[in-house]
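Single-structure report; data block below.
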Amino acid sequence: MRILVVGGTGLIGAHVVDVLGELGHAATTVARSARPGVDHVLDVASASVDELRALLAGHDGVVHAARTDEQRALRRPIHPVFRHDLVEPVVRLFTAARAEGLTRGVVMGSYYTYFDRLHPQWRLTDRHTYIRCRVEQAREARAAAGPDLPVAVLELPFVFGRAGDRLPNWAGPLDNWARSRAPLAVPAGGTAATSARSVAEVAVGALEQASGQDIPVADENLTWHDMIARIAEAVGRSRRVGRLPGGVVRASMRCGGALQALGRKESGINPAYFADLLLTPLFIEPVSGRPLDAALRETFPRTASAA
């Protein structure tokens, strides 16, 4: 196969390129800025269908691995901004891919769509603009692609790992916290987690099979306690991790939501309802069982200078 990887030098995209090469496939990378490993410089988020058709010509499939920050606070209303970032680019991309006769595609999505499907009573799309746009992204990408271009959506939790200098966008604050003298205290609940390498292997498998499925990806399920304890251990600062009472977590999130409202702002994950997610075990079943220790050490090296 010859595959175009959008965001091919990012954390996940770079691993996808590696796995494609190891399995004998050809990868073409596109990113919004020139750097080593980028074959084409183009801002796919604003590119026209015609520009994307020229980029996609001669390829068998495409992977959309660009990332966004769901926690950023923006001026209301935020839905048009998140649609502009998450939905409209993939619609144009798969419209162009369909016109060029591509036969397979992968979108890197979020595990929140998995939980929205599993627990509609949580009303995640009503409460969180980011999750609403992730659901719209999957639905509208497939509509644009049509029946002859299956699009697999990988539903991703916390992704650990490193690709050159690229790390998860949430790694820096957790790294600083684990190395600091500040108390480590976390809520009940937890999250599924995986490695960038695992995501890449699942993505390439979906391309090879021309899968059009929703594919939740997880290596381990971790309580917040276990996750923070393992991060602290990775950086060489093993210490006790305490428990935050649920009432404290809810009050803190409500205050955050009130402050955003006063500033006429919102974030993609609404703080007013974020406590419900933090206090819930957001676990995926089944998990691969592949240990995350190596990916944890890559993300959180023992010496801060290596980060």
Has [X] got a side-chain atom pairing as donor or acceptor with [Y]'s backbone, closer than 3.5 angstrom?
X      : Y      : value
Arg92  : Ala45  : yes
His25  : Val17  : no
Arg179 : Arg302 : yes
Thr280 : Leu282 : no
Arg75  : Gly263 : yes
Glu220 : Leu292 : yes
Arg134 : Thr113 : no
Thr223 : Gly189 : no
Trp177 : Pro183 : yes
Arg104 : Leu207 : yes

So for atom [atom1], which belongs to [X], do other residues, nucleotides or ligands contribute more than 12 heavy atoms lying within a distance under 6.0 Å?
X      : atom1 : value
Arg117 : CZ    : yes
Arg83  : CZ    : yes
Glu208 : CD    : yes
His84  : NE2   : no

Inset, instruction - Apply side-chain contact (heavy atoms from CB on, under 4.5 Å) to the pair Asp219 and Phe160, showing each step before the final yes or no. - result: CA-CA 10 Å; Asp219 290 323; Phe160 292 89; over 6 Å; no
Would you call [X] and [Y] a salt bridge, taking side-chain N to carboxylate O under 4.0 Å as the test?
X      : Y      : answer
Arg230 : Asp226 : no
Arg2   : Glu100 : no
Arg142 : Asp214 : yes
Asp276 : Arg250 : yes

Are the side chains of [Y] and [X] in contact, using a 4.5 Å heavy-atom criterion?
X      : Y      : value
Asp116 : Tyr112 : no
Val159 : Pro168 : no
Asn221 : Pro281 : no
Phe274 : Ser267 : no
His15  : Val199 : no
Arg98  : Pro147 : yes
Leu277 : Phe115 : no
Leu93  : Leu56  : yes

Legend entry - Centroid-centroid under 6.0 Å between Trp122 and Tyr273 rings: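 Centroid distance Trp122-Tyr273: not below 6.0 Å, so no.
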Straight-line distance of [X] [atom1] to [Y] [atom2], nearest 0.5 Å:
X      : Y      : atom1 : atom2 : answer
Cys133 : Ile78  : SG    : CD1   : 8.0 Å
Ile215 : Gln209 : CD1   : CD    : 7.5 Å
Leu154 : Ser110 : CG    : OG    : 11.5 Å
Thr103 : Leu149 : OG1   : CG    : 7.5 Å
Tyr111 : Ile131 : OH    : CD1   : 9.5 Å
Arg297 : Thr299 : CZ    : OG1   : 10.5 Å

Any side-chain donor near an acceptor of the partner, [X] and [Y], under 3.5 Å:
X      : Y      : result
Ser195 : Arg290 : no
Glu266 : His79  : no
Gln137 : His64  : no

For the residue pair [X] and [Y], what are the closest heavy atoms and their distance?
X      : Y      : result
Ala27  : Asp39  : O-OD2, 3.9 Å
His59  : Leu4   : CD2-N, 3.5 Å
Pro89  : Val44  : CB-O, 4.1 Å
Val287 : Ile284 : CG1-O, 3.3 Å
Ala200 : Val19  : CB-CG2, 3.8 Å
Ile231 : Ala178 : CG2-CB, 3.8 Å

Same cluster (ILVMFWY, side-chain, under 4.5 Å), [X] and [Y]:
X      : Y      : answer
Val87  : Val153 : no
Val202 : Val16  : yes
Leu86  : Val106 : no
Ile12  : Val38  : no
Val217 : Val5   : yes

Inset, instruction - Show your working on side-chain contact (heavy atoms from CB on, under 4.5 Å) between Arg237 and Arg181 and close with a plain yes or no. - result: CA-CA 9 Å; Arg237 294 291 301 275; Arg181 297 185 179 277; 4.1 Å; yes
Inset, instruction - Determine, stepwise, if the pair Leu222 / Phe158 fulfils side-chain contact (heavy atoms from CB on, under 4.5 Å). - result: CA-CA 10 Å; Leu222 303 172; Phe158 275 74; over 6 Å; no
Inset, instruction - Determine, stepwise, if the pair Glu22 / Val204 fulfils side-chain contact (heavy atoms from CB on, under 4.5 Å). - result: CA-CA 11 Å; Glu22 291 166 12; Val204 175; over 6 Å; no
